[in-house]
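Sequence lines set the chain letters: A, B, ... in the order given, protein chains first and strands last, and positions in each chain run from 1. What you see is a predicted model; the values in this text were computed from it and never measured.
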Protein chains: 2
Amino acid sequence: MARTPFLTPSTIADAALRLGDREGGEAMTMRRIAGELGCDPMALYRHFPDRMALLDAVADLALTAVPSPDPALPWDERLRRVADDIRAAALAHPGIAGHVAARPPLAEQGQRIGAGVFAALGDAGLAPAEATRAAQALVATIAAGLAMAVRAGTRDARWHQVSDVLGGLPSAPPGGELHTVGSEEQFSYTVRLLVAGIRAEAAGSA
Amino acid sequence: MARTPFLTPSTIADAALRLGDREGGEAMTMRRIAGELGCDPMALYRHFPDRMALLDAVADLALTAVPSPDPALPWDERLRRVADDIRAAALAHPGIAGHVAARPPLAEQGQRIGAGVFAALGDAGLAPAEATRAAQALVATIAAGLAMAVRAGTRDARWHQVSDVLGGLPSAPPGGELHTVGSEEQFSYTVRLLVAGIRAEAAGSA
DNA sequence: ACCTGAACACCGTTCAAGT
DNA sequence: ACCTGAACACCGTTCAAGT
């Protein structure tokens with residue numbers, strides 16, 4: 001009676017995302033996802049080769065909320081916005097955010113967003129080969145910032161020590177000025193640094 | 001007879017690192033680390049509160065090979081070198097490299113290296129509060145590049161698709177020019193972009 | 001003080017059937 | 001074609017003893 005009539009990759013990913021939202025990332029086991037759907041754990045293996053592939057699909061699903069970069073905006077604004085949007089979309093689903101950070105999705109949504117990033121870098125004046133490298137750098141940076149946010153937001157107290165460690169060094173600033181590790185401000189700052197580097201690169205090769 | 005007389009955090013971390021080097025990261029379970037030492041798995045809990053804390057110690061141990069940045073060098077050269085050195089030290093121990101990337105060590109070695117980074121950023125002309133933010137950005141970038149290298153180097157075929165995906169976009173470069181995801185070149189390029197951004201930031205606030 | 005051993009409450013995944 | 005159920009080979013960790 002607790003069984004759903006259909007089982008598709010999409011209904012499975014939906015159920016897993018829902019479960020992760022409700023009970024956290026560690027709850028997303030094959031057994032408990034199956035429980036959410038009212039089916040046997042093994043039924044999932046008909047639609048995904050293994051657990052990682054299932055989580056990849058959930059991660060991609062979470063990125064549907066990210067708008068495609070608007071070509072009417074300046075390229076640097078587009079890059080900064082897409083970074084913020086990816087961060088926000090991932091953190092809206094804390095259960096899968098860690099997976100998004102650890103394995104940037106390359107499925108449907110990932111490719112859509114990647115194309116927007118690539119176009120923005122082209123408009124920045126980078127040649128295709130440079131744009132590819134810069135896109136990888138940007139993906140890595142977004143992933144890293146997101147990973148920090150995920151851990152800072154959950155129970156990794158170690159991350160609060162980063163500020164303490166740096167703050168304890170000679171000539172450190174008064175504590176109040178520190179940006180929290182994983183904060184939106186710190187994320188935006190890092191992306192801004194990278195975008196400034198891209199601008200310098202584009203100017204250098206122009 | 002297969003038992004070691006002493007069990008200390010240091011001998012445990014050594015054994016775990018050795019095991020990881022020999023049999024890979026997944027082999028570093030409490031049970032198998034204990035097997036390497038010839039002791040009961042529960043004996044490890046007398047020296048570490050849980051598995052994560054043990055792996056943190058192993059990760060920090062792997063960073064002993066990273067030289068402290070040489071203050072005689074220009075600040076940007078110092079930053080680029082320490083990034084390369086961290087990457088090399090982590091990849092020299094593939095079993096723990098993923099953990100270094102996922103949880104940048106904050107213990108003894110991490111603090112030593114962090115102090116060197118902070119000093120270099122001060123020499124770049126950044127005020128302490130800015131240097132703290134930039135140091136966090138650099139740590140995030142190194143961690144992200146390292147994470148890419150770890151996955152590209154092991155069995156995550158998905159990562160080779162990144163180039164394919166970007167390469168399949170309109171106006172993509174000829175395939176041969178692409179830097180492999182996770183390569184040393186791509187890592188250095190990303191760090192270089194960030195350092196260029198830091199330089200721009202320092203110039204702007206000078 | 002330090003280590004052990006059995007047990008608890010789980011995992012992902014394979015395999016042989018079921019309908 | 002699609003799903004099930006039992007089983008395999010593991011996990012991290014708690015708890016009550018041992019020496």
Chi angles and distances behind the salt bridge (charged side-chain N to carboxylate O under 4.0 Å, His left out) call for B/E77, B/R80: CA-CA 5 Å; B/E77 177 70 12; B/R80 284 192 295 262; 3.4 Å; yes
Could you please spell out the steps behind the salt bridge (charged side-chain N to carboxylate O under 4.0 Å, His left out) verdict for B/D123 and B/R78? CA-CA 10 Å; B/D123 290 351; B/R78 257 181 280 169; 2.8 Å; yes
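Scanning DNA chain C for stems, defined as runs of 3 or more consecutive Watson-Crick or G-U wobble pairs whose donor-acceptor distances all fall under 3.5 Å, gives the following ranges: C:4-8 with D:12-16, C:12-16 with D:4-8.
Separation of the C1' atoms belonging to C/dC8 and D/dC11 is 12 Å when rounded to the nearest angstrom.
Applying the side-chain contact (heavy atoms from CB on, under 4.5 Å) criterion to A/P94, with sequence neighbours excluded, gives A/D21. Every residue meeting the side-chain contact (heavy atoms from CB on, under 4.5 Å) condition with B/R87, not counting sequence neighbours, appears here in chain and number order: B/L91, B/L146, B/A149, B/E184, B/F187. Partners of A/D60 according to the side-chain contact (heavy atoms from CB on, under 4.5 Å) rule, which considers only residues two or more places apart in sequence or in another chain, are A/P105, A/A107, A/E108, A/Q109. With sequence neighbours left out, the side-chain contact (heavy atoms from CB on, under 4.5 Å) criterion links B/T29 to B/R31, B/R32.
Straight-line distance from the CG atom of B/L37 to the P atom of C/dC3: 10 Å, rounded to whole Å. For the pair B/I12 CD1 and C/dC2 C1', the computed distance is 12 Å after rounding to whole Å. Atom CG in A/D40 sits roughly 17 Å away from atom P in C/dA17 (whole-Å rounding).
Minimum atom distance to the side chain of A/C39 is reached by D/dT4, of the listed D/dT4, C/dC3, D/dC2.
The backbone N or O of B/V66 sits less than 3.5 Å from a side-chain atom of B/R112, completing a donor-acceptor pair.
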What string of B, S and - do you get for nucleotides 10-15 of chain C, 5' to 3', if B is base contact, S is sugar-phosphate-only contact and - is no contact with any protein heavy atom under 4.0 Å? -BBBB-
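The structure places CD1 of B/I33 at 5.0 Å from CG of B/L54, a figure rounded to the nearest 0.5 Å.
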